[in-house]
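For reference, the structure is listed below as structure tokens.
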Amino acid sequence: MATFFATRLLAWTRDNHRPLPWDNGPRDAYHVWISEVIMQQTRIVQGWDYYLKFIERFPDVGALAGATQEEVLRYWQGLGYYSRARNLHKAAKMVVDELGGVFPHAFEELKKLPGVGDYTAAAIASFAFGLKHPVVDGNVKRVLSRFGGYEGSIDEPSGHKEILALATKLMKGSSPADFNQAIMNFGALVCTPKNPQCTACPLSKKCYAYRNECVDALPVRTKKKTNTLRYLHFLVLSWRGKILLHQRGGKDIWRGLYTPPILETRSTRKPTLKTVTAEVRSLTGTDRFEWTDSSDPVIQVLSHQTLHGRFHHIELLKKPGKAREGFVWVPTRHLDDFPRPKMVVEGGKPE
DNA sequence: AACTCGGGGGC
DNA sequence: GCCCCAGAGTT
């Protein structure tokens, strides 16, 4: 069975080249690492230009370690899951400061780097070093749950282990890098979530799901997704060509990114003048202002939250005091120096 | 084990 | 609308 799978899979790959953004560049540990982190939970097409621009600006681990977190986040702006960028930066510093700038080869050592989990460690170990570690991503879970007939939930740790065990068996005798690359491409192009190309599939003859007519029922997922509704009111305070930005911290979304000060409420209705006045006074030390405009609600759907945002334009009539810790007055022409979430980039555009 | 963390595209 | 994408960290 292992021979059938790998032979057919690798033959399919030879006839079906899939262009990837790193095709024309080196595939050492640094480049594999960057590409895999950028592509986490992201379609290749979406991450394509991010990868090329990131590599251009940070061509090696030293360049990345030497940059500021702000600049790294700017290159990540719009890509989402910003902890990936923060961890990438932190890990680059670890490699430079503690490992002499050299990536470890061993799977377990790779996993010690922040942001490197099972998948990314296996990808680096196999693609950069040729080690026998199967990658288990969404593609692999789908292909193997169908082919092997795994009907448990792929969301559970047990499901992950089952798929990993099957992948390990099927990989035996193949080049780990070739096998890993092939199975992910195959999942992306043939064994797709919707409308898989079973009639053209070189594996269908021995595919459990195809033989048992349950392709659409696999893989099984059990995770339920919560969806919280939130109402964010951005206070766009301006004073002589500058606006006030706040760098987000804590455990909420967009940590490390900059937004105007936010008043969160329970509806899209404008906060009361009283609330806004108190907030402006707290932020600037003055309550002399003119509330000139409020945008229509802008909706941004995240994987686990739906955000309704409104931008309230407030012009100060008196010089503000020194910005509080974590806040900064930014000339509007320098806004691009500050990494901001998509909703803020869009909402800040002139109408 | 369950939650949290962005944004986009296919259907 | 719902699902899923070259997942990982925290609680």
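In what follows, every chain begins at residue 1, and chains take the letters A, B, ... in the order their sequences are listed. Every value quoted in this text rests on a predicted model; they were computed, and no experiment measured them.
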Which protein N or O atoms sit under 3.5 Å from an N or O of nucleotides 9-11 of chain B?
none

**Message:** Looking at C:dT11, I'd like to know if its phosphate oxygens (OP1 or OP2) sit under 4.0 Å from a side-chain N or O belonging to A:Lys251.
**Reply:** yes
**Message:** If you compare every side-chain N and O of A:Lys223 against the phosphate oxygens of B:dA1 (OP1, OP2), does one of them come in below 4.0 Å?
**Reply:** no
**Message:** Whether A:Glu108 and A:Lys111 form a salt bridge (side-chain N of Lys/Arg under 4.0 Å from carboxylate O of Asp/Glu) is what I want to check.
**Reply:** no
**Item:** Candidate nucleotides C:dG7, B:dG7, C:dA6, ranked by approach to the side chain of A:Gln41 - the nearest
**Value:** C:dG7
**Message:** Heavy atoms within less than 4.0 Å of DNA chain C: which residues of residues 119-127 of chain A have one? Give them sorted by number.
**Reply:** A:Tyr119, A:Thr120
**Message:** Counting the atoms with a prime plus P, OP1 and OP2 as sugar-phosphate, which does A:Asp118 contact under 4.0 Å by heavy atoms, base, sugar-phosphate, or nothing?
**Reply:** sugar-phosphate
**Request:** For residues 13-42 of chain A, pull every pair meeting salt bridge (Lys or Arg N to Asp or Glu O under 4.0 Å), keeping only residues two or more places apart or in separate chains.
**Result:** A:Arg27-A:Glu36
**Sequence neighbours excluded - ring-ring contact (aromatic ring centres under 6.0 Å, His included) pairs with any residue from residues 190-224 of chain A** = none
**Complete:** Output row for DNA chain B, stems defined as at least 3 consecutive Watson-Crick or G-U pairs under 3.5 Å, is B:1-5 with C:7-11, B:7-11 with C:1-5
**Within residues 11-27 of chain A: residues closer than 4.0 Å to DNA chain C (heavy atoms)** = A:Arg18, A:Leu20, A:Trp22
**d(NZ, A:Lys112; P, C:dG9) in whole Å** = 14 Å
**Item:** Check: A:Val143 and A:Phe5 side chains under 4.5 Å, non-hydrogen atoms
**Value:** yes
**Request:** Among C:dA6, B:dA1, B:dC5, find the nucleotide with the atom closest to the side chain of A:Gln181.
**Result:** C:dA6
**Prompt:** So with a 6.0 Å cut-off around CZ of A:Arg57, is the heavy-atom count from everything else above 12?
**Reply:** yes
**Request:** Give a yes/no answer on whether the side chain of A:Tyr81 brings an N or O atom under 4.0 Å of OP1 or OP2 in B:dT4.
**Result:** no
**Request:** Please work out if A:Asn185 contacts a base, only the sugar-phosphate, or nothing of the nucleic acid, heavy-atom cut-off 4.0 Å.
**Result:** base
**Item:** Positive for ring pair (Phe, Tyr, Trp, His ring centres under 6.0 Å) with A:His133, one of A:Phe127, A:Phe107, A:Phe179, A:Tyr119
**Value:** A:Phe107
**Request:** Determine: side-chain N/O of A:Trp48 to OP1/OP2 of C:dC5, distance under 4.0 Å, yes or no.
**Result:** no
**Asked** Under 4.0 Å: is that the gap between some side-chain N or O of A:Arg255 and OP1 or OP2 of B:dT4?
**Response** no
**Request:** Would you tell me whether A:Thr13 and A:Gln181 have side-chain atoms, one donor and one acceptor, within less than 3.5 Å of each other?
**Result:** no
**Asked** Looking at A:His304, does any N or O in its side chain come under 4.0 Å of the phosphate oxygens OP1/OP2 on B:dC5?
**Response** yes
**Asked** Out of C:dG7, B:dG6, B:dG7, which has the shortest distance to the side chain of A:Asp137?
**Response** C:dG7
**Message:** Rounded to whole Å, how long is the line connecting atom CD1 of A:Ile44 with atom C1' of C:dA6?
**Reply:** 6 Å
**Prompt:** How is A:Gly78 classified with respect to the nucleic acid when contacts are heavy atoms under 4.0 Å: base, sugar-phosphate, or nothing?
**Reply:** sugar-phosphate
